[in-house]
Amino acid sequence: MVKQTIQIFARVKPPVRKHQSGIYSIDDDENLTPSLEIIIPRDLADGFVNNKRESYRFKFQRIFDQDAKQEIIFENIAKPVAESVLAGYNGTIFAYGQTGSGKTFTITGGAERYSDRGIIPRTLSYIFEQLQKDSSKIYTTHISYLEIYNECGYDLLDPRHEASRLEDLPKVTLLEDTDQNIHLKNLSLHQATTEEEALNLLFLGDTNRMIAETPMNQASTRSHCIFTVHLSSKEPGSATVRHAKLHLVDLAGSERVAKSGVGGQLLTEAKYINLSLHYLEQVIIALSEKHRSHIPYRNSMMTSVLRDSLGGNCMTTMIATLSLEKRNIDESISTCRFAQRVALIKNEAVLNEEIDPRSMIIRLQKEIQELKDELAIVTGEQRTEALTEAELLQLEKLITSFLEDQDPESRLEVGADMRKIHHCFHHLKKLLSDKKVLGNSTVSSEIKEQDCQEPVEEEEYKKLRDILKQRDNEINILVNMLKKEKKKTQDALHLSGMDRGDIRLIQSSPFPPGNPEGQRTSVFSAPTQSQDFSTFGYRSSLLHKKSGMREEMSLGRQEAFEIFKRDHADSISIDDNKQILKQRFSEAKALGESINEARSKIGHLKEEITRRHIQQVALGISENMALPSVPDLQEDRLRSQLEEEKRRYKALFTRLKALKVEIEHLQLLMDKAKVKLQKEFEAWWAEEATNLQVNSPAAISLNHMKPFPQSANSQQDGSQLLSNQSSRSREAHAQGTGRLGVCDMNSRRILPPTCPSRSSQEHSSPRAWLEGSTAERPASSVPLTGDSQTDSDILAFLKARQNILQKKCLGSN
Ligand code: ADP
Ligand code: MG
């Protein structure tokens with residue numbers, strides 16, 4: 001049993017706006033517990049909290065500042081938890097913080113770069129690497145991915161997942177057994193035998209989550225996601241199975257609605273936007289208070305699911321994500337306060353061992369038989385019916401193993417059944433008499449041999465002649481082999497071009513089909529082929545989701561999509577990733593070539609060594625000499641070359657394997673980004689269509705054209721209270737004051753209307769500059785009907801709008 005308090009870590013996100021300093025400081029003295037000091041700027045100190053403290057200090061296990069890389073986070077936070085999960089304990093890592101503070105970035109990773117992959121992919125990679133290394137146990141890994149939104153659980157990996165709305169997903173419900181263990185009904189478990197498979201499940205879940213999200217449900221900020229790795233291990237032959245669960249949890253944004261006090265002053269007393277988080281806090285408070293007997297786990301689905309992770313059988317770690325900017329100070333303090341309470345909770349992790357039911361059944365069956373036998377003795381009941389074929393066979397097996405057992409103490413256990421005892425004696429007698437007959441025959445043959453001693457010389461002579469003949473034959477065979485070898489080498493030289501077809505084949509796929517040992521390594525072994533197939537299945541299902549939407553597009557829509565894509569914030573990262581992917585592919589191709597080279601070199605060296613062996617043997621025989629005892633220098637040289645080549649091969653192979661994972665990850669990132677793009681386009685298009693239908697042509701261009709999606713910067717800015725922000729923009733929209741987006745020349749993207757105030761000053765009247773270029777305005781905008789003619793009208797309109805925007809941008813610069 002391991003007793004320990006929940007470990008708390010803090011991670012500070014790089015600020016969106018640079019040059020924000022002096023808000024916090026980190027005291028990282030090696031001899032002390034690290035602490036984070038949040039300093040309240042003077043201008044905030046008056047109105048912000050009801051006491052006027054100017055700084056707050058919080059202790060953490062470790063604090064990671066803005067520049068901490070994902071690798072460091074994994075090594076320090078997740079790796080120890082993964083290790084304890086591998087040892088058979090339950091583990092949980094959860095990220096807590098306001099929206100935009102980096103929870104998803106920390107748990108899952110950034111959507112753009114491979115190096116930004118977060119705790120989940122890195123942990124999967126680490127776990128599978130360890131499982132491959134450890135051959136002493138049999139492991140099985142399953143994955144589940146649960147989303148909790150509005151107190152309802154949804155299975156993100158449901159195989160029948162065709163729903164496009166969260167509400168359409170199968171609901172996961174809680175069941176409590178008599179021992180008060182929580183079970184999740186309808187949550188699918190998927191076996192993952194490799195890192196790639198597990199990674200695919202992660203991306204599949206994320207994509208499903210993204211597709212199901214709507215502006216109304218804001219699932220990504222309001223829901224909790226629990227990615228769980230279920231690991232079972234068993235020693236071969238043992239009946240005991242260990243189960244460990246690793247929950248990796250991305251919680252909903254922890255922002256609170258601050259209550260307004262008298263005179264509009266903000267009070268510290270604030271409520272969570274998210275009800276589950278409120279219950280989570282209740283549980284944490286109850287757990288951190290001594291002598292509390294009732295812990296209100298049952299109040300919410302999330303606390304029920306995480307019950308073991310909070311005050312139970314689990315090693316739990318919390319990451320407080322902080323976006324330490326001036327406007328986020330109150331939320332940051334709340335997050336740290338919450339962490340301090342969490343740190344008081346003690347957990348007791350135990351090994352979860354269980355007897356394998358199959359072994360248990362066998363054991364119980366044996367026990368029943370023994371009891372029956374005992375009963376027969378006690379009751380004196382004599383059984384008279386004949387033993388069955390199976391029973392006889394079983395008995396004979398027992399006798400054989402009894403006789404073969406070297407242990408003199410071993411016993412022949414057949415129970416108290418007299419029929420069996422009789423049969424055993426009978427069988428033993430038969431065996432003994434059989435042996436006797438055999439024994440006699442050997443004795444008689446020995447005698448016969450002794451009788452024929454006279455013609456010994458003649459025999460000897462014959463024997464020697466035979467040996468000589470044998471040797472002659474051997475020499476002939478060896479000489480023939482040598483000739484053949486020579487011919488083979490020539491043929492090989494002659495046909496060196498022969499393999500090209502083969503090699504080309506291998507080159508086109510960056511991954512070689514096998515290793516030089518002639519066996520396939522586990523990475524590309526037969527089971528992997530089926531994995532690749534399933535991997536393909538997952539990817540193609542992602543792609544299907546994407547292309548499914550695309551297929552239905554009319555030409556006009558497709559073109560509008562192209563424009564939309566070009567101006568979308570994510571297009572740069574998609575293009576970047578495309579470039580990187582291209583680079584990785586050519587790297588993989590080059591590696592594949594080097595691997596082939598190394599492989600054929602290894603093959604040649606091996607052949608040469610064998611040839612040399614044969615030559616030596618043949619030489620020794622033909623010259624009737626013993627094999628030279630001195631080491632063959634040339635062979636040594638060949639051997640060391642061979643070793644060197646093998647090392648090179650291995651290094652190249654390992655690199656290629658890593659590259660394969662990276663390529664896979666990048667492809668999944670891109671797929672996800674593309675699905676996102678498509679989804680946003682569909683939403684934008686649908687909104688445009690409704691607006692076009694509702695409004696007159698003149699009004700359309702003024703009030704209801706929403707800008708293209710947010711740029712990267714504005715997305716990062718989402719850390720304000722979302723409800724406020726979105727209601728504000730909704731209001732603006734409703735009142736018809738929504739502004740057209742402006743073009744940011746640096747990024748060539750269109751910013752959302754809520755963003756820079758510049759837009760209202762410089763383009764105070766969108767109508768003015770739209771009307772100023774009437775030539776480029778479409779004659780009319782027709783309501784969307786879905787047919788391509790109408791669509792192309794809309795397209796014309798879009799293009800015109802695009803031109804206007806671009807011109808305007810050039811003008812304003
Ligand atoms: P949350 O999940 O808490 O709402 P996200 O993880 O989505 O927040 O982060 C918001 C934005 O900030 C994302 O664009 C993300 O890429 C970026 N981000 C968060 N943490 C970091 C970090 N440590 N380094 C770089 N970018 C980060
Ligand atoms: Mg998030």
Side-chain angles (χ1 to χ4, degrees), residues 9-18 20 24 26 62-74 76-78 93-122 145 147-149 156 202 205-206 209-210 212-213 217-227 248-256 272-274 276-277 318-325 328 331-332 334-335 338-339 568-570 572-573 576-577 669 672-673 676 709-723 725-726 747:
F9 296 91
R11 183 184 200 183
V12 183
K13 187 195 130 172
V16 175
R17 298 182 196 88
K18 299 276 174 223
Q20 285 230 357
Y24 71 99
I26 295 172
R62 239 186 111 163
I63 300 154
F64 298 92
D65 208 353
Q66 301 171 17
D67 49 0
K69 295 272 169 288
Q70 298 283 60
E71 171 79 32
I72 300 291
I73 299 290
F74 168 74
N76 289 281
I77 302 179
I93 301 174
F94 68 93
Y96 181 99
Q98 70 186 111
T99 299
S101 59
K103 295 181 297 297
T104 306
F105 186 85
T106 303
I107 295 290
T108 310
E112 288 163 23
R113 279 174 296 273
Y114 179 64
S115 57
D116 280 349
R117 66 204 192 287
I119 285 179
I120 301 180
R122 285 174 197 268
Y145 205 174
E147 174 165 19
I148 302 176
Y149 175 71
L156 288 175
L202 168 69
D206 280 346
R209 183 189 188 197
M210 187 171 71
E213 184 178 36
N217 67 30
Q218 289 186 358
S220 64
T221 62
R222 300 267 173 100
S223 71
H224 316 276
C225 276
I226 308 180
F227 183 89
L248 300 165
V249 188
D250 185 356
L251 290 176
S254 65
E255 47 270 11
R256 295 155 196 246
Y272 283 105
I273 288 180
N274 194 294
S276 306
L277 283 178
M318 167 185 167
I319 308 171
T321 53
L322 301 163
S323 171
L324 278 165
E325 292 179 42
N328 293 331
E331 287 300 343
S332 304
S334 295
T335 301
F338 182 81
H568 195 282
D570 288 350
I572 290 192
S573 70
D576 283 354
N577 273 339
L669 279 180
K672 206 167 110 184
K676 182 167 166 247
Q710 300 181 337
S711 73
N713 283 342
S714 60
Q715 269 176 351
Q716 280 185 353
D717 235 352
S719 44
Q720 291 158 343
L721 280 185
L722 267 159
S723 59
Q725 196 187 35
S726 55
S747 59

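Counting begins at 1 with the first residue of the sequence. All of these numbers come straight from a predicted model, not from anything done at the bench. When a ligand or atom number is given, it counts from 1 through the structure's own listing order.
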Ligand 1 to [X] polar contact by distance, N or O atoms, under 3.5 Å:
X: Gly102; answer: yes
X: Thr106; answer: no
X: Gly100; answer: yes
X: Gly110; answer: no

With heavy-atom distances below 4.5 Å as the criterion, would you say the side chains of [X] and [Y] are in contact?
X: Gln70; Y: Arg117; value: no
X: Leu322; Y: Tyr24; value: no
X: His224; Y: Asn274; value: yes

So, for [X] and [Y], which heavy atoms are closest and what is the spacing to 0.1 Å?
X: Leu202; Y: Tyr145; value: O-CE1, 3.7 Å
X: Ser254; Y: Gln98; value: OG-N, 3.1 Å
X: Thr335; Y: Thr321; value: CG2-O, 4.1 Å
X: Ala95; Y: Ile107; value: CB-CG1, 3.6 Å
X: Lys13; Y: Gly102; value: CD-N, 4.4 Å

**OP:** Select one of side chain, backbone, both or neither to describe which atoms of Pro14 lie under 4.0 Å from any atom of ligand 1, heavy atoms only.
**Re:** side chain
Subject >> For Asp576, side chain to side chain donor-acceptor pair (under 3.5 Å) partners two or more places apart >> reply: none
Can you list the ligand 1 atoms lying under 4.0 Å from a non-hydrogen atom of [X]?
X: Lys103; answer: 1 (P), 2 (O), 3 (O), 4 (O), 6 (O), 8 (O)
X: Arg11; answer: 23 (N)
X: Thr99; answer: 4 (O)
X: Gln98; answer: 3 (O)

**OP:** Return the set of protein N, O or S atoms whose distance to the Mg ion (ligand 2) is under 2.8 Å, each given as residue and atom.
**Re:** Thr104 OG1
Original post:
Does Gly253 come within less than 4.0 Å of ligand 1, judged by its heavy atoms?
Top reply: no
Original post:
Mind checking what makes ring-ring contact (aromatic ring centres under 6.0 Å, His included) contact with Phe105, not counting sequence neighbours?
Top reply: none
Original post:
Who passes ring-ring contact (aromatic ring centres under 6.0 Å, His included) against Phe9, sequence neighbours left out?
Top reply: none
